[in-house]
There are 2 protein chains.
Amino acid sequence: MKKRPAVTIDNFDLKILQLVQVDNMMPQRVIAERIGLSPPAVARRLQQLRESGVIRKDIAIVNETAVARPLTIIVHVTTENERLDLLDAMKDRFLRSRQVQQCYYVTGEMDFILIVNVKDMAEYNEMTRELFFEGGNVKSFRTCVSMENVKTNGPIPL
Amino acid sequence: MKKRPAVTIDNFDLKILQLVQVDNMMPQRVIAERIGLSPPAVARRLQQLRESGVIRKDIAIVNETAVARPLTIIVHVTTENERLDLLDAMKDRFLRSRQVQQCYYVTGEMDFILIVNVKDMAEYNEMTRELFFEGGNVKSFRTCVSMENVKTNGPIPL
DNA sequence: AGCAATTCGCAAAAAAATTGCACATCTATA
DNA sequence: TATAGATGTGCAATTTTTTTGCGAATTGCT
C-alpha cells in the first residue's frame with residue numbers, strides 16, 4: 001500500500017514557520033542557528049513546507065498609502081438567492097476583482113464580507129456598480145470605511 | 001535646505017511591487033529580465049522600497065488548516081465609550097492578541113472589525129472572555145464564522 | 001550649455017542556497 | 001536479535017544569488 005503524503009509537522013517546522021511568518025527574507029543560516037539545526041536541514045524543511053502547501057505563498061506587503069491607494073473598506077454583502085451556482089458565480093466575481101483583497105463567505109445574516117482597497121470613493125462607487133449592481137444576486141450591501149488599519153497580516157499563532 | 005526623503009515611485013518600482021507582492025522569493029535576476037533592468041538596479045530599488053517603508057514587510061503565508069487552526073472568525077465590536085484613551089487601550093489589546101490577525105477601526109454603528117484565527121470554538125470563547133468581557137469598554141460584539149475563505153492576501157492593484 | 005545629482009550596467013566579490021554523500025536514528029519484520 | 005528500508009542530519013563542495021565598486025550615461029536645474 002502506498003503511503004499518503006503524510007504532512008507531518010514537528011517542532012522544528014513550527015519554529016521555522018513562526019520565523020518566516022514574520023520575515024521570510026531571513027537567511028536560512030540565521031533560522032538554523034536560532035532553532036538549532038544546520039542550514040541545509042532548514043532549507044530542506046522549507047522546501048517541503050512550500051511544496052506541501054503548508055506555506056501557501058511568500059509575499060511582500062506593500063504600504064497602501066505609499067502607493068496612493070489609502071482607503072480600506074469593509075463591505076457586508078447579502079445575497080438574493082443562495083443557490084449554489086449563483087453563490088459560486090459571486091465568489092468568482094469577488095475573487096477576480098482587483099480591489100477585493102479578501103473575501104469571506106460567512107454564516108449569519110450577511111453572506112459575504114469583503115475587504116477592499118481603493119484609491120478614493122469614486123473608485124469604490126464604480127466598483128460597487130460593477131460588483132453589486134451589474135453583477136446580480138446582491139440583495140443589499142453595507143459599507144464600513146476603515147479609519148485606521150490597527151493591525152494587518154498578523155501571524156497565525158503556533 | 002535639506003531635501004526630504006522624497007519617496008518617488010516610478011513605473012519600474014510599480015512593476016517590481018506588482019511582482020514581489022505575489023512572490024517575493026522571485027530572484028532579482030528574473031525580476032530584472034521581466035521589467036527590463038539589470039539585477040543590481042532591481043536590488044537597489046528593492047532595498048530602497050524596503051527602507052522607505054513602501055514595502056512594509058516580507059512574510060510567508062501559512063495554511064491555517066495545515067497547522068490545525070482552521071477557524072476564521074469575523075467579529076464586530078461596539079464600544080461603550082469613545083474616549084480616546086479608552087479606544088487606544090482597546091486597539092492595544094487587539095493588537096497584542098495573538099488570535100487577532102487583523103483589526104480595523106471603522107465608521108458606522110460598529111467600531112471595530114476583527115479577523116480572528118482560532119483552532120476551535122473553545123479557544124474563541126476564551127478569547128472573547130479575555131478580550132471583550134474582562135478587557136472592558138465593549139458594549140456588544142457580533143460573531144460571524146467564515147465557512148470559506150474565498151480570497152485572502154490579494155495584492156494591491158498597481 | 002554646463003554642472004550636480006542620480007541611476008545605470010558591468011564585473012568582481014561576498015553571501016546564500018543547493019547538492020552529493022556518508023553517517024545516525026527509527027521502524028517494521030524476518 | 002538482527003537487519004533492511006526509509007528518513008533525516010551535518011559537512012563540504014558547488015551553484016546561484018545578492019551585493020559592491022566604479023566608470024559611463026542620463027536627468028534635472030540654473
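Proteins come first, then strands; the chains are lettered A, B, ... in the order of their sequence lines, and each starts at number 1. We use all heavy atoms of the structure for the numbers below, so side chains are in, but hydrogens, waters and symmetry mates are not.
For the pair F12(A) CZ and dG10(D) P, the computed distance is 8 Å after rounding to whole Å. Between Q48(B) atom CD and dA5(C) atom C1' the separation is 14 Å, expressed in whole Å. What separates CG of D10(B) from P of dT7(C) is a distance of 9 Å, to the nearest Å. dT7(C) atom C1' lies 13 Å from atom CD1 of I16(B), rounded to whole Å. Atom CD of E33(A) is separated from atom P of dT9(D) by 17 Å (rounded to the nearest Å). Whole-Å rounding puts the M25(A) CE to dA15(C) P distance at 17 Å. Across the protein-nucleic acid pair, I9(B) atom CD1 and dT6(C) atom P stand 18 Å apart, rounded to whole Å. Between D13(A) atom CG and dT7(D) atom P there is a gap of 15 Å when expressed in whole angstrom units.
Not one side-chain nitrogen or oxygen of R44(A) sits closer than 4.0 Å to the OP1 or OP2 atom of dA17(C). OP1 and OP2 of dA15(C) both lie 4.0 Å or more from every side-chain N or O belonging to Q28(A).
In terms of modelled atom types and a separation under 3.5 Å, the side chain of S97(B) and the main chain of R93(B) share no donor-acceptor contact. Distance alone, capped at 3.5 Å, is enough to place a donor-acceptor pair between the R69(A) side chain and the P157(B) backbone.
The ring of F112(B) has its center closer than 6.0 angstrom to the ring center of F94(B).
Taking every side-chain heavy atom of L37(B) into account, dC8(C) is the closest of dC8(C), dT19(D), dG8(D). Proximity note for P27(B) (side chain, C-beta onward) versus dT19(D), dA16(C), dT17(D): the nearest is dT17(D).
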Determine, stepwise, if the pair T143(A) / Y124(A) fulfils side chain to side chain donor-acceptor pair (under 3.5 Å).
CA-CA 10 Å; T143(A) 298; Y124(A) 180 65; 2.7 Å; yes
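In this structure, P40(B) reaches the bases: a heavy-atom distance under 4.0 Å links it to at least one base atom across the strands shown.
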